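Input: a single structure, listed below in structure tokens.
This one's a predicted model, so the numbers in the text were calculated from it and none came from an experiment. Hydrogens, waters and symmetry mates play no part in the numbers below; they use all other heavy atoms, side chains included. Read the numbers this way: they start at 1 and go in the same order the structure lists the ligands and their atoms.
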Amino acid sequence: MRLILLGPPGAGKGTQAKLLVTQLRIPKISTGDMLRSAAEDGTHLGLEGKRYTDQGHLVPDDLIIQLVQECLCSEKANDGYLLDGFPRTVRQAEALETILATRRQSLDAVVNLRVPDEEIIGRISSRRICSSCGRSYHLELFPPRQSGVCDDCGTALEQRDDDEVETVRERLRVYHERTEPLIDHYRQRSLLREIDGTRSVDEVTAAIVDILAQR
Ligand code: AP5
């Protein structure tokens, strides 16, 4: 299965991706995770990408397309994948279409998680993440058992550099301008499936699994 999770920042793409890949037994390809890991390793891509992510801007298409292309053409992606955070522009979507056509493959579905901007600001300012295993917490809704410490691996929790309120507002502005047009792009290709992302995490997962079962 080849699946895209679309949605604004903080819509729950990462949360759902983590749950779905276990159920669907396919790898997750998250450009946000790849950029953060490259930045931590201090690679050229990571440092270059961080200049954009810290401002709430998109990393240039050419860099991202090269990064994803390597992944999609690797053995790991042979039996399908879930894309989280890619594509984010029409140009990236077109590049994906070219990669798929070259490999005689197609997408199964594009799931769009709808969450209003006001809720996103609240969600992201309450988010804390574990830099070691990547688990995400919400300070009020899904707090860790011990304050500031990851339940799974005991690492100290952090706030992402791009989760400051002003940066989140910029990420939302960029989302509406550059990524939202993908909703129509995939609707026209009859691939779009819309989900109300304001429901509980479990309800959203169940709705996505339901949609995939109906294909
Ligand atoms: P990326 O890491 O992809 O960030 P994003 O898309 O902005 O999404 P987030 O990770 O902030 O949120 P999410 O939707 O995964 O929500 P989450 O599950 O964490 O990208 C970061 C940056 O990298 C971008 O800004 C850009 O600069 C760059 N980049 C990445 N890909 C790129 C590309 N293709 N092209 C160019 N640049 C690129 O949930 C958020 C919070 O809500 C958590 O606290 C969670 O616990 C909580 N939550 C989740 N679900 C629910 C629910 N149902 N109810 C209540 N709370 C919930």
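Only backbone heavy atoms of S200 (N, CA, C or O) come within less than 4.0 Å of ligand 1; its side chain stays farther off. At a 4.0 Å heavy-atom cut-off, ligand 1 touches Y137 through the backbone alone. Under 4.0 Å from ligand 1, the heavy atoms of R199 that appear belong solely to its backbone. Under 4.0 angstrom from ligand 1, the non-hydrogen atoms of T53 come from both its backbone and its side chain. At a 4.0 Å heavy-atom cut-off, ligand 1 touches H57 through the backbone alone. Contacts between L35 and ligand 1 below 4.0 angstrom, taking non-hydrogen atoms only, involve the side chain exclusively. With a 4.0 Å cut-off on non-hydrogen atoms, L141 touches ligand 1 through its side chain and not its backbone.
Of the possible polar contacts, none joining the R135 side chain to the C130 backbone as a donor-acceptor pair under 3.5 Å is found. In terms of modelled atom types and a separation under 3.5 Å, the side chain of T179 and the main chain of T89 share no donor-acceptor contact. In terms of modelled atom types and a separation under 3.5 Å, the side chain of E48 and the main chain of H44 share no donor-acceptor contact. Between the side chain of K13 and the backbone N or O of I4 there is no donor-acceptor pair closer than 3.5 Å. In this structure, the side chain of E177 does not engage the main chain of V174 through any donor-acceptor pair within 3.5 Å. Using modelled atom types, no side-chain atom of T43 and backbone atom of A39 make a donor-acceptor pair closer than 3.5 Å. Although no hydrogens or angles enter the test, the distance criterion places no donor-acceptor pair under 3.5 Å between the side chain of Q55 and the main chain of T167. Judged by distance alone, the side chain of T198 and the main-chain N or O of V115 form no donor-acceptor pair under 3.5 Å. A donor-acceptor pair under 3.5 Å links the side-chain atoms of R171 to the main chain of D162, judged by distance alone. Under a 3.5 Å cut-off, the side chain of R2 and the backbone N or O of S106 do form a donor-acceptor pair.
A side-chain donor from one of H185 and E97 sits under 3.5 Å from a side-chain acceptor of the other.
In this structure, R91 does not pair ionically with E94, as no charged nitrogen and carboxylate oxygen lie closer than 4.0 Å. Comment: R114 does not engage D196 in a salt bridge, judged by the lack of any side-chain N to carboxylate O separation of less than 4.0 angstrom.
Taking distance alone, with nitrogen or oxygen atoms compared against 3.5 Å, R160 approaches ligand 1 more closely than that limit. Not one N or O of V204 is nearer than 3.5 Å to an N or O of ligand 1, by distance alone. Polar contact with ligand 1: absent for D162 (N/O pair, distance under 3.5 Å). Every N/O-N/O distance between T198 and ligand 1 stays at or above 3.5 Å. By the 3.5 Å distance cut-off applied to N or O atoms, I124 is not counted among the residues near ligand 1. Residue T15 places at least one N or O, backbone or side chain, under 3.5 Å from an N or O of ligand 1. Remark: ligand 1 and D33 share no N or O pair separated by less than 3.5 Å (distance only, no angle test). Remark: ligand 1 and Q92 share an N or O pair separated by less than 3.5 Å (distance only, no angle test).
Distances from ligand 1 to the non-hydrogen atoms of A11 include at least one value under 4.0 Å. At a 4.0 Å cut-off, not a single heavy atom of E119 sits close enough to ligand 1 to count as contact.
From the protein, the heavy atom lying nearest to atom 25 (O) of ligand 1 is R171 NE, 3.9 Å. Protein heavy atom at the shortest distance from atom 8 (O) of ligand 1 is K13 NZ, 3.3 Å. From the protein, the heavy atom lying nearest to atom 43 (C) of ligand 1 is S136 OG, 3.5 Å. Atom 37 (N) of ligand 1 has V59 N, 3.0 Å as its closest protein atom, hydrogens excluded (heavy atom only). Nearest non-hydrogen protein atom to atom 56 (N) of ligand 1 is R123 NE, 3.5 Å. Among protein heavy atoms, the minimum distance from atom 46 (O) of ligand 1 is reached at F142 CD1, 3.4 Å. For atom 3 (O) of ligand 1, the closest heavy atom belonging to the protein is R88 NH1, 3.3 Å. Atom 19 (O) of ligand 1 has R127 NH1, 2.6 Å as its closest protein atom, hydrogens excluded (heavy atom only).
The heavy atom nearest to atom 2 (O) of ligand 1, considering only E170, R128, R36, K50, is found in R36. In this structure, of G122, G32, G134, the residue bringing a heavy atom nearest to atom 1 (P) of ligand 1 is G32.
Heavy-atom neighbours of D79 CG from other residues, nucleotides or ligands within 6.0 Å: at or below the threshold of 12.
Each of the atoms 13 (P), 15 (O), 18 (O) of ligand 1 lies under 4.0 Å from some heavy atom of G14. When each atom of ligand 1 is checked for a heavy atom of T31 under 4.0 Å away, the hits are 30 (C), 31 (N), 32 (C), 34 (N). Each of the following atoms of ligand 1 lies closer than 4.0 Å to a heavy atom of V201: 50 (N), 51 (C), 52 (C), 53 (N). Listed by number with element, the atoms of ligand 1 under 4.0 Å from a non-hydrogen atom of G10 are 8 (O), 9 (P), 11 (O), 12 (O), 13 (P), 14 (O), 16 (O), 40 (C).
Rounded to the nearest 0.5 Å, atoms CZ (R193) and CG (D108) are 10.0 Å apart. Distance check: I208 CD1 to L113 CG gives 5.0 Å after rounding to the nearest 0.5 Å. Note that CG of L5 and OG of S30 are 10.0 Å apart. Values are rounded to the nearest 0.5 Å.
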Review point. Does the salt bridge (charged side-chain N to carboxylate O under 4.0 Å, His left out) test come out yes or no for R169 and E166, once each step is laid out?
Key: CA-CA 5 Å; R169 289 193 202 284; E166 280 318 305; 3.7 Å; yes
